Amino acid sequence: MKTFCGVAIILGAIAIVGANPLLAKVETLSKQRSQVPTKSTVQAPGFRLPAPSGSYAVGTTAYYLVDSSRKETYSAEIYNLQTQKLATTPRATDSRELMVFIWYPAKSQPKAKTIPYIDEGFALATAESMGANFGVSPEQFVKLVTQTIQTNAIPKAELANKLKRYPVVIFSPGFGATPKLYTIQLEQLASYGYVVVAVNPTYEAPVLFPDGQVITQSSVFDFSSANKQTEQRTFNQAVAIRAKDIVFVLNELNRLNVKDPQRLFTERLDLSRVGIFGHSLGGDTAIEAMWRDRRLKAGINIDGGSYGKLLSSGNKDSLNRPFLGISHDGADDALRLFYQRQKNNAYRLTVKGSKHTTFTDFGLILPAFLAHSTTQAQSQIQQAIGSIDPQRAAKIASAYTLAFFDQYLKNKSKPLLRRASPEYPEVLIESRK
């Protein structure tokens, strides 16, 4: 495992239940190694994510964007991967900086090399906590997510020519998570003809910028001595910042559609058909962004909470645009109450046997870690993904997400949204039309 001159960026417990904080700090890696010995020094064989079922191959790329109209709200420790030292000077800009990851329908390239699952910056920043949650050492965690686990996405592949323009779906991840922890669902949507634009929430989740600096998590999210009011206020602010990120990214997509420096999306995005979805805090962000910007035609909140202005207690506003809420088994009333405020084109479903973390990739990548587990006890991830089979859960999430966006972005009637389906008996669904 590559180290930063003997130190690595460490985070607290992964947000496997709700919006749990991930607080960045720096400690010596040698101490970690002595505490968590690796089970084996043999590199794991390749492990590929499930292949998407759509008719398109999947391409992927990334963009570094700067919103010069906004000053950055947060600050945190910054590590330089190139010098392997903590950065001692501020960023070159004090404006809001974002990494945006895109998955899209691509021309088939059967022998093309696909990208690794997670970039080195996020992997190193989360190695201590994520490794422990998956039951492996920090070194093994980094090796597995950056070398062993392979995706189905081809870097900078040529956009498919079947359609002149493709509809766009924006994605916002859960708190403390990179969008790449949802790669399976994002690849799936791209394989069915969507350009999926995922926005990494800078200073909430670690991210590697093109200049080689790893931006860690702001201490604002240390709630060890905070009360509920402080936590609510902090996450309300985070949702507002994320929603403004989405509005900015929509504007940037307009610019890419005119002239894309990567020559991938020029005049190829159908920006009259844009949807949004997100998980956990990202689901709350989807609602907030729709409320702020009517260019977003339809949205999905996957197991979100009660953060942001539209979800705040006492707010009676509705979206007046198509909305789907997906909840885990036994979820609280936040999404149900919001669903009841919607006048039409609203859907709410619950997945039996699911938990909050069911809606990430965790269940499906878990086998890659089990062979290298450093503990005999059941890992936190195993306890957090619910009793439903991970492959079944992924199929359900994909089916309903795709049906919703197909109906409201592609104008395809989808009976799956109208009533309970015998194909998916685990799903309880209701609708307001």
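The residues of the chain are indexed from 1 along the displayed sequence. Everything numeric here is computed off the predicted structure, so don't read it as measured data.
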ring-ring contact (aromatic ring centres under 6.0 Å, His included) for Tyr400 and Phe404? Distances and angles first, verdict last. CA-CA 6 Å; Tyr400 281 90; Phe404 179 79; over 10 Å; no
Asn254 versus Arg295: any side-chain heavy-atom pair under 4.5 Å? yes
So, is the end of the Lys180 side chain (NZ or CZ) under 6.0 Å from the ring centre of Phe122 and within 45° of the ring's axis? no
How are the rings of Tyr64 and Phe209 set to each other: parallel, tilted or perpendicular (split at 30° and 60°)? perpendicular
Between Glu288 and Lys309 (side chain of the first, backbone of the second, donor and acceptor by atom type, cut-off under 3.5 Å), is there such a pair? yes
I need the Tyr166 OH to Lys410 NZ distance, nearest 0.5 Å. 9.0 Å
For Ala286 and Gly278, which heavy atoms make the closest approach, and how far apart are they? CB-N, 4.3 Å
Can any side-chain N or O of Asn301 pair as donor or acceptor with the backbone N or O of Gly304 at less than 3.5 Å? yes
Is there a donor-acceptor contact under 3.5 Å from the side chain of Ser137 to the main chain of Gln140? yes
Examine distances only and state if a side-chain atom of Asn133 and a backbone atom of Ser129 form a donor-acceptor pair shorter than 3.5 Å. yes
Closest approach of Ala403 and Leu416, non-hydrogen atoms and distance? CB-CD2, 4.0 Å
Shortest non-hydrogen pair, Pro52 vs Val58, comes out as CG-CG2, 4.1 Å
Looking at Asn411, I'd like to know if its CG atom is crowded, meaning that more than 12 non-hydrogen atoms belonging to other residues, nucleotides or ligands lie closer than 6.0 Å. no
Roughly how far apart are Ser354 OG and Arg392 CZ, rounded to 0.5 Å? 13.0 Å
Any sub-3.5 Å donor-acceptor pair from Tyr347's side-chain atoms to Pro322's backbone N or O? no
For the residue pair Phe175 and Glu204, establish whether any side-chain heavy-atom pair is separated by less than 4.5 Å. yes
Who are the salt bridge (charged side-chain N to carboxylate O under 4.0 Å, His left out) partners of Asp245, not counting sequence neighbours? Arg70, Arg96
For Ala132, give me all partners under side-chain contact (heavy atoms from CB on, under 4.5 Å), at least two apart in sequence or on another chain. none
Within the structure provided, determine whether Leu163 and Tyr56 are in side-chain contact (heavy-atom separation under 4.5 Å). yes
Mind checking what makes side chain to side chain donor-acceptor pair (under 3.5 Å) contact with Thr360, not counting sequence neighbours? none
Report yes or no: do Tyr117 and Asp361 form a side-chain donor-acceptor pair below 3.5 Å? yes
So with a 6.0 Å cut-off around NZ of Lys113, is the heavy-atom count from everything else above 12? no
Check whether Thr146 reaches the backbone of Val142 with its side chain - one donor and one acceptor, N or O, closer than 3.5 Å. yes
On a heavy-atom basis, which atom in Tyr104 and which in Thr60 lie closest, and how many Å separate them? CE2-N, 3.3 Å
Using modelled atom types and a 3.5 Å cut-off, is there a donor and acceptor pairing between side-chain atoms of Asn236 and backbone atoms of Gly308? yes
Would you call Val351 and Ile388 a side-chain contact if the rule is heavy atoms closer than 4.5 Å? yes
Between Arg91 and Gln213: side-chain donor-acceptor atoms closer than 3.5 Å: yes
Between Val196 and Phe101, is there a side-chain heavy-atom distance shorter than 4.5 Å? no
Can you give the donor-acceptor pairs under 3.5 Å from side chains of residues 187-195 to other protein atoms, not counting sequence neighbours?
residue: Glu187; atom: OE1; partner: Asn152; partner atom: ND2; Å: 2.9
residue: Glu187; atom: OE2; partner: Asn152; partner atom: N; Å: 2.9
residue: Glu187; atom: OE2; partner: Ala153; partner atom: N; Å: 3.3
residue: Gln188; atom: OE1; partner: Ser53; partner atom: N; Å: 2.9
residue: Gln188; atom: NE2; partner: Ser53; partner atom: OG; Å: 2.7
residue: Gln188; atom: NE2; partner: Ser398; partner atom: OG; Å: 3.1
residue: Ser191; atom: OG; partner: Gly54; partner atom: N; Å: 3.0
residue: Ser191; atom: OG; partner: Gln188; partner atom: O; Å: 2.7
residue: Tyr192; atom: OH; partner: Ser53; partner atom: O; Å: 3.4
residue: Tyr192; atom: OH; partner: Ser53; partner atom: OG; Å: 2.8
residue: Tyr194; atom: OH; partner: Phe405; partner atom: O; Å: 3.2
residue: Tyr194; atom: OH; partner: Asp406; partner atom: N; Å: 3.1
residue: Tyr194; atom: OH; partner: Asp406; partner atom: OD1; Å: 2.6

Distance (rounded to the nearest 0.5 Å) between Lys343 NZ and Ser318 OG: 3.5 Å
Measure the CD1-NZ distance between Ile115 and Lys156 for me, rounded to the nearest 0.5 Å. 12.0 Å
Does Ala76 offer a backbone N or O that forms a donor-acceptor pair with the side chain of Thr216 under 3.5 Å? no
Please check this pair: side chain of Gln407 against backbone of Lys414, looking for a donor-acceptor N/O pair closer than 3.5 Å. yes
Please report the closest heavy-atom contact between Asp303 and His328, naming both atoms and the distance. OD2-ND1, 2.7 Å
Could you grab the distance from atom CG of Asn320 to atom CG of Asn344, nearest 0.5 Å is fine? 7.0 Å
Quick one, Tyr182 with Phe362, criterion ring-ring contact (aromatic ring centres under 6.0 Å, His included). Give me CA distance, side-chain angles, the key distance, then yes/no. CA-CA 9 Å; Tyr182 304 82; Phe362 288 171; 8.1 Å; no
Do Ser219 and Asp222 meet the criterion of a side-chain donor-acceptor pair at a distance under 3.5 Å? no
Return the CG to CG distance between Leu335 and Leu324, rounded to the nearest 0.5 Å. 9.5 Å
Would you say Gln237 and Arg233 make side-chain contact, with heavy atoms under 4.5 Å? no
Examine distances only and state if a side-chain atom of His279 and a backbone atom of His356 form a donor-acceptor pair shorter than 3.5 Å. yes
Please examine the side chains of Leu186 and Phe171, heavy atoms only from C-beta on, and report whether any two atoms are closer than 4.5 Å. yes
Is there a side-chain contact between Leu81 and Glu120, using heavy atoms and a 4.5 Å cut-off? yes
List the atom pairs, donor and acceptor, that lie under 3.5 Å between side-chain atoms in residues 257-264 and the rest of the protein, sequence neighbours left out.
residue: Asn257; atom: OD1; partner: Glu267; partner atom: N; Å: 3.3
residue: Asn257; atom: OD1; partner: Arg268; partner atom: N; Å: 3.1
residue: Asn257; atom: OD1; partner: Leu269; partner atom: N; Å: 2.9
residue: Asn257; atom: ND2; partner: Leu269; partner atom: O; Å: 2.9
residue: Asp260; atom: OD1; partner: Tyr63; partner atom: OH; Å: 2.9
residue: Asp260; atom: OD1; partner: Gln262; partner atom: N; Å: 2.9
residue: Asp260; atom: OD2; partner: Tyr63; partner atom: OH; Å: 2.8
residue: Asp260; atom: OD2; partner: Leu264; partner atom: N; Å: 3.0
residue: Asp260; atom: OD2; partner: Phe265; partner atom: N; Å: 3.0
residue: Gln262; atom: OE1; partner: Thr61; partner atom: OG1; Å: 2.5
residue: Gln262; atom: NE2; partner: Thr61; partner atom: OG1; Å: 3.4
residue: Gln262; atom: NE2; partner: Ala62; partner atom: O; Å: 2.9

Residue Gln340 excluded, over 12 heavy atoms near CD under 6.0 Å: yes
Do you know the tightest heavy-atom contact between Arg242 and Gly282? NH1-CA, 3.5 Å
Would you say the ring centroid of Phe235 lies under 6.0 angstrom from that of Phe223? yes
We want to know whether Gln185 and Thr401 form a side-chain donor-acceptor pair, criterion being a heavy-atom distance below 3.5 angstrom. yes
For Arg48, give me all partners under side chain to side chain donor-acceptor pair (under 3.5 Å), at least two apart in sequence or on another chain. Thr114
